[in-house]
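Below: one structure, written as structure tokens.
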Amino acid sequence: MTTPWSPTDFSAKVIEYYHAHGRKHLPWQGTQDPYKIWLSEIMLQQTQVTTVIPYFERFIESFPTVTDLAQATDDQVMQHWSGLGYYSRARNLHKAAQIIETEFSGVFPQDPETIETLPGIGRSTAGAIASFAFGQPTAILDGNVKRVLARSYAIEGWPGNGKVLKALWQRAETNTPQQETAAYNQAMMDLGAIVCTRSKPDCPDCPLSKHCLAYNSNSIEQYPGKKPKKARPSKSVYWLINIRQEKVLLHKRPPSGIWGGLWALPEVQQKEMSPDQIQQLDPFVHKFSHYDLQVQPLLLSSNADKALVEKNSHPSIMEPAQADWFSLNQLNEIGLPTPVSKLLVKLLEDS
DNA sequence: AACACGTGGGC
DNA sequence: TGCCCAAGTGT
């Protein structure tokens with residue numbers, strides 16, 4: 001029967017791993033600039049490191065400081081997030097930058113409770129910023145840490161379950177050391193990303209294997225518990241492609257909902273024009289994590305556009321959507337959903 | 001508590 | 001291929 005790690009021995013092993021094998025040269029490391037650390041933590045939410053790196057570099061180049069970000073336009077910010085997904089992150093980041101400017105005189109707050117009041121920053125991200133930027137002894141609990149802790153202490157159940165999450169936070173708080181917290185937090189994520197991976201973990205090389213309850217009971221595959229499966233629904237839409245004088249008509253999507261704040265092709269549920277006014281392009285399926293979107297792109301003729309523009313420019317009186325015409329160059333200055341961007345690129349290449 | 005919210009990598 | 005899930009948060 002294996003005895004579990006004591007919090008002290010556990011954190012000592014983790015910190016030792018950091019000095020020997022931890023990642024120390026990612027673009028947001030080697031600095032204590034809270035703005036860069038904050039930006040990286042937001043971009044890294046539910047997003048892999050290799051995906052984030054080029055976005056981070058581009059974003060910092062365009063908005064080097066929180067003041068630059070606060071003063072940027074919505075479209076500029078969304079353009080820099082275009083393709084990264086989870087666009088509420090960008091909207092909240094922008095809002096938070098303006099709050100830091102106005103409420104905190106441009107100085108990033110150091111207290112984790114205050115940090116967590118900023119939009120887009122939850123408990124784990126607040127802990128990461130407080131420890132990395134300000135050396136505070138705050139715990140984090142991302143997917144990597146959840147996996148390492150769930151296996152080390154054989155914490156059963158899916159982390160999306162409230163009780164399981166609470167148990168994981170309890171263990172995270174207990175094991176997080178008061179000293180060298182930043183090294184510990186970084187190493188926990190490194191262990192999860194490099195050694196204690198989702199599939200095929202490298203247990204023989206893991207500094208925690210000696211007292212890892214899952215490893216020593218040969219039940220690594222059981223931890224963390226799996227998310228319950230759900231059927232994925234399907235939605236069908238038509239996308240209207242209206243090109244006049246080298247410009248394409250786009251609509252700005254409302255702030256909430258899918259692709260909020262991005263510019264997309266006008267979308268309708270049903271065709272409302274006669275067949276001679278449209279050209280059906282190749283349909284495709286865009287797969288989200290929570291549903292499939294079946295898209296039928298329709299290329300409009302000049303006769304069809306008037307009624308449709310009128311009909312779709314103002315979906316409701318309360319929330320009029322913005323519509324505008326964009327040239328190819330202007331598409332580089334706004335945020336576009338990935339499938340819209342791909343479709344337009346393909347169309348313009350063919351023409 | 002359960003679901004919405006994007007996209008791409010890994011197998 | 002299709003499925004799982006990734007440095008989570010907001011509602």
Tell me, for nucleotides 4-11 of chain B in 5' to 3' order, what letter each nucleotide earns: B for a base near a protein heavy atom under 4.0 Å, S for only sugar-phosphate near one, - for neither?
-> SBBBSB-S
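Hydrophobic clustering places L39(A) together with V52(A) (ILVMFWY residues linked when any side-chain heavy atoms are closer than 4.5 Å, directly or through intermediates).
In summary, the side chains of N175(A) and Y184(A) do not present any donor paired with an acceptor at a separation below 3.5 Å, with no hydrogens or angles considered.
Separation of the P atoms belonging to dC4(C) and dC3(B) is 15 Å when rounded to the nearest angstrom. Distance check on atom P: dG2(C) versus dC5(B) gives 23 Å, rounded to whole Å. Nucleotides dA7(C) and dA2(B) are separated by 24 Å at their P atoms, to the nearest Å. Here the separation of dG8(B) from dT9(C), taken at their P atoms, is 23 Å to the nearest Å.
Residue contacts for R147(A): at a heavy-atom cut-off of 4.0 Å it reaches the sugar-phosphate backbone alone, with no base atom in range. W28(A) comes within 4.0 angstrom of a base, heavy atoms only. Within 4.0 Å of L26(A), counting heavy atoms only, lies at least one base atom of the nucleic acid.
Annotation: side-chain hydrogen bond (donor to acceptor under 3.5 Å, both in side chains) contacts of W28(A) (sequence neighbours excluded): none.
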Going through the distances and angles, do R147(A) and E221(A) end up as a salt bridge (Lys or Arg N to Asp or Glu O under 4.0 Å)?
-> CA-CA 11 Å; R147(A) 191 166 51 254; E221(A) 302 305 325; over 6 Å; no
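Closest-nucleotide positions on DNA chain C for E41(A) and I121(A) were compared, and the one nearer the 5' end corresponds to E41(A).
A centroid separation of 6.0 Å or more is found between the aromatic rings of F104(A) and F108(A). A ring-centre distance under 6.0 Å is not found for F284(A) and H286(A). Not less than 6.0 angstrom separates the ring centroid of F59(A) from the ring centroid of F56(A). For F10(A) and Y153(A), the distance between ring centers is under 6.0 angstrom.
Using a 4.5 Å heavy-atom threshold, the side chains of D282(A) and P297(A) count as separate.
Chain A approaches DNA chain C within less than 4.0 angstrom (heavy atoms of the protein), and the contacting nucleotides run 5' to 3' from dC4(C) to dG10(C).
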